[in-house]
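Worksheet: the structure to be examined is printed underneath.
All of these numbers come straight from a predicted model, not from anything done at the bench.
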Amino acid sequence: MPKLNRKFFENNTLTVAKELLGKTLVFNNYQGIVTETEAYIGENDPACHAAKGRTKRTEVMYGKAGFSYVYLIYGMYYCFNIVTEQQDFPAAVLIRGVKLKSEQHLDGPGKLCKHLGITTEHNKIDLTKSIYFYIKDNNKNQTHNKSLNFIQTPRIGIKVGIEQLWRFKLVKP
DNA sequence: GAATAGATCCGC
DNA sequence: CGGATCTATTCA
């Protein structure tokens, strides 16, 4: 069950978002299967935080792939993303849903972060180096998503860029 | 400085 | 459908 490396995240963001489905997120003592993701890609994506260019907040997305991007939304919820693509290209995958070992399903980015305890303290962490915060391959799903069923829909909670089907969600076979 | 919109969630 | 609650960004 190898930890996902930089190369995995340096890929095309849509590919990474799809392939993250079924992978295992490790955060401290928690382990959970990723069930839902969304892609935010580049300055031409109006829903991406980097659409307005490089700022203090978005500079993580311009950095190396495999780093965490955590921010506070609506004054009360954190959202956890993983930076993708090459250096200087701003893109990330939002983790929207995780199923824990306890069969508990954390459905929604805010809920997920609240339950696991992810905050801006965990912003800009290298997930390929951290020993407590990373993604690993599942034994069962070594060969991509061949056996995994997922649907594509518009992204949730945004007013622009809704024409793109950049949300990926696992469904029961 | 002040105003406002925002990748959410919960309860009514 | 509105309120909670705070910050990054925009506007004056």
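- Residues Val60(A) and Asn81(A) are not in side-chain contact: their nearest non-hydrogen atoms beyond the backbone lie 4.5 Å or more apart.
- Between Tyr78(A) and His122(A), the side chains place no donor N or O within less than 3.5 Å of an acceptor N or O (distance only, hydrogens not considered).
- Whole-Å rounding puts the Leu72(A) CG to dA5(B) P distance at 18 Å.
- The phosphate of dT8(B) has OP1 or OP2 within less than 4.0 Å of a side-chain N or O from Arg96(A).
- The side chain of Ile158(A) sits closest to dA7(B) out of dC6(C), dC9(B), dA7(B).
- Residue-level contact check: Gly110(A) touches the backbone only, with heavy atoms under 4.0 Å from sugar-phosphate atoms and none from bases.
- In this structure, Tyr40(A) and His49(A) have side chains that are not in contact, with every pair of non-hydrogen atoms separated by 4.5 Å or more.
- Rounded to an integer number of Å, the gap from CG of Asn123(A) to C1' of dT7(C) is 13 Å.
- The side chain of Arg57(A) sits closest to dA8(C) out of dC9(B), dC6(C), dA8(C).
- In this structure, CZ of Arg155(A) is placed 15 Å from C1' of dG6(B), rounded to the nearest angstrom.
- With Phe9(A) as the fixed residue, the side chain to side chain contact (heavy atoms under 4.5 Å, CB included) test singles out one of Val83(A), Thr128(A), Val93(A): Thr128(A).
- Going from atom OH of Tyr77(A) over to atom P of dT7(C) covers 16 Å, rounded to whole Å.
- Counting to the nearest Å, the C1' atom of dT9(C) and the CD atom of Glu59(A) are 16 Å from each other.
- At least one side-chain nitrogen or oxygen of Lys159(A) sits closer than 4.0 Å to the OP1 or OP2 atom of dG6(B).
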* **Bracket string, DNA chain B, 5' to 3' - pairs by Watson-Crick or G-U geometry under 3.5 Å, | interstrand** => ||||||.||||.
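- By the 5.5 Å and 30° criteria, Tyr74(A) is not stacked with the base of dA4(C).
- Here the side chain of Asn123(A) pairs a donor or acceptor atom with the backbone of Val70(A) at under 3.5 angstrom.
- With rounding to whole Å, Tyr78(A) atom OH is found 8 Å from dT7(C) atom P.
- Rounded to whole Å, atom P of dT9(C) lies 10 Å from atom NZ of Lys52(A).
- Here the C1' atom of nucleotide dC9(B) and the NZ atom of Lys111(A) are 8 Å apart, to the nearest Å.
- Side-chain contact between Thr153(A) and Lys169(A): absent, with no pair of heavy atoms (C-beta onward) separated by less than 4.5 Å.
- Comparing dT8(B), dT10(C), dA4(C) by their nearest atom to the side chain of Met76(A) picks out dA4(C).
- Checked by distance alone, His49(A) brings no side-chain donor or acceptor within 3.5 Å of a matching partner on the base of dA8(C).
- Residues Phe80(A) and Leu116(A) have side chains not in contact (no heavy-atom distance under 4.5 Å, counting atoms from C-beta outward).
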